[in-house]
Amino acid sequence: MQLTKEKFTSDFKKTLHETYAIETRDANNEQLFIALAETVKAYISASWREEREARSLERFKIAYYFSIEFLPGKMLKSNLLNLGILETVRDSIQSLDLEFDEIAKTEKDMALGNGGLGRLASCFMDSLASCALPGFGNGIRYQYGLFKQKFVNGYQVELPDAWLESNDAWEVKKLHQAVNVSLFGHVYLKPVKAGSEELVPVYENPTIVRAVPYDTAMVGYQNGVVNNLRLWDVEIPEEEEQNYHSIEDRRKIQDITSILYPDDSTYEGRKLRLVQEYFFVSAGIQSIVRDYLTKDSPLERFAEKVAIHINDTHPALSVAELMRILVDEQKMAWDDAWQVTVKTMSYTNHTIMQEALEKWPMDMMIDVIPRVYQIIAEIDARFVKYWQGKVAESLIWRTKIIQNDQVHMANLAIIGSHSTNGVAKIHSDLLTNVVLNDFYTLYPERFNNKTNGIALRRWLQLANEPLSTLLDETIGDSWRFDHHQLAKLANYQDDSLVLSGLAAVKLKNKARLAKYIENTTGVIVSPHAIFDVQVKRLHAYKRQLLNLMHIIKLYQDLKVNPELDIEPRVFIFGAKAAPGYYFAKSVIKVINEVANLVNHDDSIQDKLKVVFLENYNVTLAEIIIPAADVSEQISLASKEASGTSNMKLMANGAITIATLDGANIEIKEAVGDENIIIFGLDKDEVYRLYGENNYHAWAVYNDNPDVKRVVDAFVDGSIPNIHREGQEIYDSLIKYNDEYFVLLDFLPYIEAQERINALYQDESAWQKASLINIASGGKFSSDDTIKKYADEIWHIKPTTD
Ligand code: 26Q
């Protein structure tokens with residue numbers, strides 16, 4: 001948009017007067033932020049309205065991205081960047097003698113997600129708008145986002161994240177677009193009239209709640225497009241007020257949108273979670289159908305105008321809910337409704353971990369959503385009938401939706417949609433060849449891969465301004481619009497000026513992180529040391545433990561030989577553990593205690609520092625990632641579906657040390673073997689080990705003194721201040737036979753770390769590798785990913801074409 005500094009300054013002052021009746025000099029940063037956000041929101045709203053009108057007239061096909069998590073982080077800078085007014089606003093604020101960055105910092109992170117899956121949804125929201133694609137988000141407006149993490153005595157403690165306390169500056173409540181959602185009670189079918197064959201469902205004693213949408217604008221990158229993220233809040237409907245007398249009754253309703261479940265990669269079959277899933281699915285689909293019905297098109301053609309995407313199985317009830325609305329409410333014949341539903345729905349799988357696959361007890365479903373359960377049972381019965389006689393009976397029993405009184409949500413999503421995709425090549429291959437092979441036999445045409453991507457606008461332009469400026473100076477600024485242009489940087493791989501420029505940028509980012517580390521932990525680190533980063537949720541399969549064991553080994557080696565020739569390194573961790581995940585919490589505690597030990601030991605001459613930063617979130621990621629030299633992507637091969645921090649880190653010039661897992665494999669293809677450090681078992685070896693069933697962790701431990709010395713450190717008292725945690729880790733490796741083959745990959749990992757050390761010591765070789773990584777970052781832009789979803793799955797087109 002066009003905006004002069006003067007116009008902005010006057011709009012901003014006016015908002016401040018109207019909101020708080022104060023002058024800029026009397027306002028605190030929170031007030032300044034709200035006024036700033038309100039001013040910007042007014043600019044956005046104008047295009048938002050125009051956009052809606054234009055779209056409803058032309059009736060583009062729209063994709064709705066249903067996700068139980070969104071993780072946008074802060075939105076001020078990204079909105080300003082995308083509106084094209086970041087510099088103007090910065091200038092204006094500076095001229096008012098205010099600190100723009102300090103004001104921006106007061107915005108609360110919108111953390112309505114756990115990790116990769118939620119952040120991916122938000123990168124996709126940015127890319128949809130930036131590619132002018134009509135794609136809208138649908139989710140839950142949680143009162144509390146993901147818990148805030150604190151360390152007390154080295155232990156993780158969880159605190160509530162009341163992000164709405166100072167009100168979300170960006171949302172707009174749309175009361176008039178509220179819908180009712182029906183839960184619990186009983187349902188039976190009765191003939192429409194006596195003697196009729198046609199049956200209608202009769203609901204007895206349902207609990208009716210009101211779903212109220214809050215819309216947040218998703219601004220496209222300098223293209224005038226504004227999409228919508230619709231999050232649903234729960235209220236008690238006015239007409240039901242008389243049924244809710246006690247605070248307890250009201251609380252039960254409010255609970256529906258109160259908290260985000262803090263689990264990641266595990267399935268927790270809690271009733272409230274099922275209620276949440278149905279709540280946002282039903283509200284979303286009702287509002288889509290209602291919109292559609294205002295445009296007098298027959299429902300048979302619904303899928304020509306609407307695509308609904310199921311982000312992991314959490315919104316898989318969409319299949320049954322759309323069937324319910326079409327059949328029960330719109331009186332469509334079952335077979336016609338089924339055709340429409342399958343054409344409308346598509347599904348992404350984000351994990352192959354068995355313990356993450358959602359299965360709901362039949363009884364719980366009958367209790368919470370009785371009519372929807374009946375519909376799922378009918379879908380299942382028809383599925384069985386359809387395949388009988390066509391394929392082996394055993395195959396049908398393995399793929400049906402309801403098995404042993406449990407509803408398998410992935411089965412529902414696959415059977416009820418026309419597309420199932422994995423999130424990296426290896427992951428999609430494992431789905432078709434192993435995990436979902438039975439479904440692949442039934443529906444080979446439904447399976448495809450869509451490798452994840454990241455919003456480079458946030459992860460490069462916003463998070464790494466020094467690098468962005470250097471890129472502008474070196475290759476021009478076209479990369480800001482077309483990420484493939486980043487490849488031009490490769491032409492400068494032997495240009496010593498560019499290489500030293502990159503080194504200077506990295507040093508600057510590391511100095512900023514060093515300051516943050518000192519301010520938050522008191523630990524002083526040198527920006528000249530290697531910054532070795534592992535940031536992601538804490539999970540056994542991601543193997544933070546392997547990283548820790550390398551640190552312990554370095555420490556032991558330095559104690560024996562303080563003159564050991566290693567580059568000084570700072571190991572930086574950021575990770576939250578699910579509150580009930582004891583093993584993960586023990587790993588955090590032990591890392592913190594190793595940090596304590598190492599950071600206070602003068603004898604190792606600052607060659608080793610360890611910091612575990614509290615409360616890893618989007619904002620912290622924006623500080624850590626640009627400062628990383630080394631990116632740790634060390635999951636057990638086959639376990640990490642894709643990973644996305646791997647992409648963010650390489651695009652910011654970090655060298656990846658990785659197993660052949662997830663998107664690491666595609667990063668290796670993009671940067672070339674010499675610009676990434678690969679080690680460890682590959683997926684075939686892992687599967688072979690599973691098949692042979694003769695892995696003996698104890699033997700690896702016992703036969704190898706290097707392994708033994710490190711593992712013993714968990715129990716022999718050499719790490720002070722740990723209690724049962726050391727024993728728990730020891731037992732996971734030795735007593736429970738090392739489920740994630742940490743010991744098998746340990747020595748290859750040490751050797752790979754030695755390659756990292758040697759490469760870093762060759763400064764120009766390191767810089768060159770770093771440059772090639774940045775130049776290859778464009779291949780992981782979520783713009784490309786989302787265009788493939790648009791073309792190949794949703795069949796939606798840019799509105800600007
Ligand atoms: C399920 C039931 C009850 C409560 C919570 C959950 C739950 C919540 C979140 C289960 C799983 C998740 C999140 C999964 C996730 O983030 N997966 C990651 O998705 C990324 C984006 O595709 C991939 O890059 C990662 O590899 C994958 O681990």
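Start at 1 with the first residue, then count along the sequence. These values consider heavy atoms only, across backbone and side chains, with no hydrogens, waters or symmetry-generated copies. In each ligand, atom 1 is the first atom listed, and ligand 1 is the first ligand listed.
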Under the criterion ring-ring contact (aromatic ring centres under 6.0 Å, His included), which of Y541, Y690, F746 is the partner of F741?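 By the ring-ring contact (aromatic ring centres under 6.0 Å, His included) criterion, F741 pairs with just one of Y541, Y690, F746: Y690.
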
Which is closest to atom 18 (C) of ligand 1 in terms of heavy atoms, T451, D264, L117?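 That would be L117.
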
For atom 21 (C) of ligand 1, state which one of D661, N452, L260 supplies the nearest heavy atom.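 Heavy atom nearest to atom 21 (C) of ligand 1 belongs to N452.
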
Could you say whether the N/O atoms of [X] and ligand 1 ever approach to under 3.5 Å?
X: V423; value: no
X: N114; value: no
X: G643; value: yes
X: Y541; value: yes
X: R273; value: no
X: E69; value: no
X: E640; value: yes

Side chain, backbone, both or neither: [X] near ligand 1, heavy atoms under 4.0 Å:
X: T348; answer: neither
X: H314; answer: side chain
X: W360; answer: neither

What's the shortest distance from [atom] to any protein heavy atom, and which residue and atom give it?
atom: atom 22 (O) of ligand 1; answer: H350 ND1, 2.6 Å
atom: atom 12 (C) of ligand 1; answer: S265 N, 3.7 Å
atom: atom 8 (C) of ligand 1; answer: D263 O, 3.2 Å

For A641, atoms of ligand 1 separated by under 4.0 Å from a heavy atom: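 Answer, ordered by atom number: 26 (O).
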
Can you tell me which residue among I588, L613, D161 is in a side chain to side chain contact (heavy atoms under 4.5 Å, CB included) with Q149?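 In the set I588, L613, D161, the residue that makes a side chain to side chain contact (heavy atoms under 4.5 Å, CB included) with Q149 is I588.
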
Does [X] pair with [Y] as a salt bridge, N-O distance under 4.0 Å?
X: K639; Y: D661; value: no
X: E158; Y: K148; value: no
X: E669; Y: K779; value: no
X: D367; Y: K271; value: yes
X: E632; Y: R543; value: no

May I ask you to decide if the ring planes of Y749 and F679 are parallel, tilted or perpendicular, using 30° and 60° as cut-offs?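 Geometry flag for F679 against Y749: tilted rings.
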
Over 60° means perpendicular and under 30° means parallel, so tell me whether F280 and F66 are parallel, tilted or perpendicular.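 Ring orientation of F280 relative to F66: tilted.
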
Centroid-centroid under 6.0 Å between H539 and Y581 rings: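 Close enough - the centres of the two rings lie under 6.0 Å apart.
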
